[in-house]
Amino acid sequence: MAKTILLLFLKHPEGIALKQIASYESELAMLYRRVSRSSNPSEIEYRVQRILDLFNNDLNVNIARVNRAIAQLVDNASDYRIAGLAGCPKRILLNRKWVIWE
């Protein structure tokens with residue numbers, strides 16, 4: 001799921017307000033189906049719903065996983081992290097001309 005979260009934020013340079021994550025449900029599900037090892041539709045739906053549920057911490061946990069992995073892989077990782085002020089949209093500052101979608 002962390003990879004899915006990374007891809008979602010890369011696709012939205014304007015950022016995503018975490019409290020509005022439900023607006024991205026179909027896109028999140030599509031991305032997760034593409035990167036998940038599971039082909040079980042109910043498992044995929046369950047995982048996506050956990051991310052959309054603002055009463056649990058799965059979204060924040062996965063953002064932290066992405067940021068931790070980036071910090072281990074990239075020097076001066078600030079432009080690559082998912083970040084933003086509390087209550088404001090979170091985003092990745094990386095210039096999208098460096099992103100290649102395959």
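Numbering of residues begins at 1 and proceeds along the displayed sequence.
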key: Interatomic distance, Ile5 atom CD1 to Leu28 atom CG [nearest 0.5 angstrom]   = 5.0 Å

inquiry  = To check you understand the geometry: which heavy-atom pair defines the closest contact between Pro13 and Arg96, and what is its length?
reply    = CA-NH2, 3.5 Å

query = For the hydrophobic clusters of this structure (ILVMFWY residues joined by side-chain heavy atoms under 4.5 Å, transitively), does one cluster hold both Val66 and Leu85?
reply = no

ask   = Which is it for Asn40 and Ser38 under the side-chain hydrogen bond (donor to acceptor under 3.5 Å, both in side chains) test, yes or no, and what are the steps along the way?
value = CA-CA 5 Å; Asn40 182 337; Ser38 175; 5.4 Å; no

inquiry  = Within the 4.5 Å heavy-atom criterion, are Ile51 and Asn62 side-chain neighbours or not?
reply    = yes

ask   = Does the side chain of Arg34 reach to within under 4.5 Å of the side chain of Leu7, using non-hydrogen atoms?
value = no

key: Leu59-Val35 co-clustered via ILVMFWY side chain contacts under 4.5 Å   = yes

Tyr46 with Leu52, same ILVMFWY side-chain cluster at under 4.5 Å = no

task = Report the distance from atom NZ of Lys90 to atom CD1 of Ile63, rounding to the nearest 0.5 Å.
result = 7.0 Å

inquiry  = Could you tell me if the side chain of Met1 sits less than 4.5 Å from the side chain of Asp58, heavy atoms only?
reply    = no

key: Under 3.5 Å donor-acceptor, Ser23 side chain and Gln20 backbone   = yes

ask   = Can you tell me how far CD of Gln49 sits from CD of Glu25, rounded to the nearest 0.5 angstrom?
value = 4.5 Å

Spacing of Ile82 atom CD1 and Arg91 atom CZ [to the nearest 0.5 Å] = 13.0 Å

key: More than 12 heavy atoms of other groups within 6.0 Å of Phe9 CZ   = yes

ask   = Hey, is CH2 on Trp98 packed in by over 12 heavy atoms from elsewhere, all under 6.0 Å?
value = no

key: Flag side-chain contact, heavy atom, 4.5 Å: Leu10 against Trp101   = yes

request  = Any chance you could measure Glu45, atom CD, to Arg50, atom CZ, to the nearest 0.5 Å?
outcome  = 13.5 Å

task = Check Gly15 against Pro89 and note the closest heavy-atom contact, atom names and distance.
result = C-CB, 4.0 Å

key: Heavy-atom check, side chain of Glu27 versus side chain of Leu8, under 4.5 Å   = yes

ask   = Hey, any chance Leu54 and Val61 share a hydrophobic cluster, counting ILVMFWY side chains that come within less than 4.5 Å of each other, even indirectly?
value = no

message = What's the separation between atom OG1 in Thr4 and atom CG in Leu31, rounded to the nearest 0.5 Å?
response = 6.5 Å

Beyond-backbone contact of Lys3 with Tyr32, side-chain heavy atoms, under 4.5 angstrom = no

inquiry  = Between Leu6 and Ile21, is there shared hydrophobic-cluster membership here, with clusters defined by ILVMFWY side-chain heavy atoms closer than 4.5 Å?
reply    = yes

